Amino acid sequence: MDRLETRELSYFVTVAEELHFARAAERLGISQPPLSRAIARLERRIGAELFHRTSRRVELTPAGEIFLSDARAVLDAVDTAARRARQAGRADRLVVAVRPGTATGMLADVMQVYTGRSGALPTEIVFTDNQAGALRDGTADIGLLCSTDDLNGLHSEDLAPERPVALLPSGHHLATRPTVDRSELLRDPFFQGPSPHAAIDEIVDLVALGKLTTVVGESIKRRLGPGVVAVPMADDPGTMLVLAWHPRSLAASRTPFVQAARTAAKTQTTRDIPLSA
């Protein structure tokens with residue numbers, strides 16, 4: 001039998017996860033007929049039926065269950081090879097994934113500690129709202145995330161708590177309160193929760209103009225002008241800022257940055273400095 005292609009394995013795994021050819025085809029960005037033909041061709045090449053198909057449902061056969069486990073392992077190995085090749089191709093630098101707007105928070109403190117250490121690599125910052133995805137596909141070596149992000153398949157280390165604040169125009173009727181409840185914010189016609197996917201400066205400008213109220217991390221206090229107030233949330237425990245990386249990333253370049261982040265987090269906690277959003 002000819003060697004199977006990763007595309008065939010990907011098609012099979014997607015159908016196995018969806019157990020529905022139409023949904024699998026949509027997820028893969030192809031039409032259903034060629035997907036059905038590809039699976040039928042794969043079954044002929046293997047010499048075993050992988051799916052039980054009826055007009056009402058699709059199920060994996062015992063052979064399909066076994067093949068699914070092995071197919072996933074092969075695809076994971078291919079992903080790992082690509083990831084390690086990307087990292088090896090940039091062995092002279094460290095790529096860090098962060099959300100837009102974190103430069104004045106924890107990231108700045110970590111970078112100050114890291115760059116002052118012997119043997120620190122030049123760093124490249126990738127600003128993205130999908131830090132976890134950048135770590136999984138090898139675009140970045142390490143990332144600053146929140147504990148509420150999707151950390152599935154990643155290793156992570158808690159750095160410091162992230163306390164939430166309500167971002168309000170200075171003339172807002174809640175702006176002088178010591179704390180505010182989410183139930184009060186929900187009565188505001190301009191409230192958006194979670195906060196919109198936009199740059200921090202854009203969010204601050206919208207709040208200053210009276211077009212938005214929202215909840216963000218308290219480090220945003222570093223970027224507020226006189227027209228915006230940050231009021232602590234009384235009924236929101238917040239989250240944790242974490243450092244994350246893929247378990248198969250290159251440890252030699254990652255470890256010094258992890259150590260620097262630990263030092264920076266400990267310093268911030270001691271000084272009670274607001275953390276990055």
Side-chain angles (χ1 to χ4, degrees), residues 3-18 24 27-30 67-103 105-111 113-115 117 119-159 197 199 239-262 264-265 276-277:
R3 182 169 296 180
L4 298 178
E5 298 180 1
T6 56
R7 181 178 63 176
E8 294 176 295
L9 299 181
S10 178
Y11 283 4
F12 165 75
V13 169
T14 303
V15 175
E17 290 174 347
E18 296 291 341
R27 181 171 149 190
L28 290 164
I30 62 176
F67 191 66
L68 176 60
S69 175
D70 291 340
R72 281 174 168 160
V74 170
L75 292 175
D76 285 346
V78 172
D79 289 342
T80 297
R83 183 185 306 108
R84 292 177 67 85
R86 291 190 193 100
Q87 293 176 330
R90 58 171 188 259
D92 58 341
R93 67 188 190 280
L94 185 73
V95 180
V96 184
V98 298
R99 285 185 61 193
T102 62
M106 174 65 83
L107 177 62
D109 296 327
V110 174
M111 292 302 300
V113 175
Y114 178 69
T115 57
R117 295 193 169 187
L121 294 173
T123 54
E124 178 182 330
I125 308 300
V126 174
F127 291 102
T128 173
D129 287 324
N130 186 17
Q131 304 103 296
L135 297 176
R136 292 189 184 101
D137 67 16
T139 301
D141 303 304
I142 200 160
L144 284 172
L145 298 84
C146 288
S147 58
T148 52
D149 291 328
D150 178 13
L151 300 175
N152 185 43
L154 301 176
H155 286 182
S156 64
E157 179 171 327
D158 291 351
L159 292 181
H197 287 290
T239 183
M240 180 71 66
L241 187 68
V242 303
L243 198 66
W245 58 90
H246 195 280
R248 296 190 182 97
S249 64
L250 301 177
S253 59
R254 182 189 70 229
T255 300
F257 193 88
V258 173
Q259 294 170 342
R262 290 172 184 157
S276 64

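All values reported here derive from a predicted model rather than from experimental measurement.
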- Query: Nearest heavy-atom pair of R117 and A260: which atoms, and what distance?
  - Reply: NH1-N, 3.7 Å
- Item | Distance in Å, S156 OG paired with I142 CD1, rounded so as to fall on 0.5 Å steps | 11.0 Å
- Task: With side chain to side chain contact (heavy atoms under 4.5 Å, CB included) as the test, would you mind laying out the steps for L68 and V13 before giving the verdict?
- Result: CA-CA 6 Å; L68 176 60; V13 169; 4.0 Å; yes
- What residues form a side-chain contact (heavy atoms from CB on, under 4.5 Å) with T239, not counting sequence neighbours? C146, S147, T148, E162
- Item | Nearest-0.5 Å distance, CG of residue L121 to OG1 of residue T115 | 12.0 Å
- Query: For the residue pair A265 and L159, what are the closest heavy atoms and their distance?
  - Reply: CB-O, 3.3 Å
- Sub-4.5 Å side-chain heavy-atom contact between R262 and V110: no
- Query: Just wondering, do L154 and W245 contact through their side chains at under 4.5 Å, heavy atoms?
  - Reply: no
- Item | Heavy-atom side-chain proximity of R27 to E18 below 4.5 angstrom | yes
- State, with a plain yes or no, whether a side-chain heavy atom of S10 is found less than 4.5 Å away from one of L28. yes
- Message: If you apply the rule side-chain hydrogen bond (donor to acceptor under 3.5 Å, both in side chains), what do you find for N130 with T128, and how did you get there?
- Response: CA-CA 5 Å; N130 186 17; T128 173; 5.8 Å; no
- Message: Which heavy atom of Q131 sits nearest to which heavy atom of R99, and what is that distance?
- Response: NE2-CG, 3.0 Å
- Note on the structure: dist L75:CG -> L9:CG (nearest 0.5 Å) comes out at 5.0 Å
- Can you tell me how far the CG atom of L243 sits from the CZ atom of R254, to the nearest 0.5 Å? 9.5 Å
- Check whether any side-chain heavy atom of I125 lies under 4.5 Å from a side-chain heavy atom of V98, and answer yes or no. yes
- Query: Would you say the side chain of R72 lies within less than 4.5 Å of the side chain of F12, judging by non-hydrogen atoms?
  - Reply: no
- Message: If you define the side chain from C-beta out and look only at heavy atoms, does anything of E124 sit under 4.5 Å from V96?
- Response: no
- Item | Distance (rounded to the nearest 0.5 Å) between L145 CG and D150 CG | 9.5 Å
- Go through V242 and L151 one step at a time and tell me if the side chain to side chain contact (heavy atoms under 4.5 Å, CB included) criterion holds. CA-CA 10 Å; V242 303; L151 300 175; 4.3 Å; yes
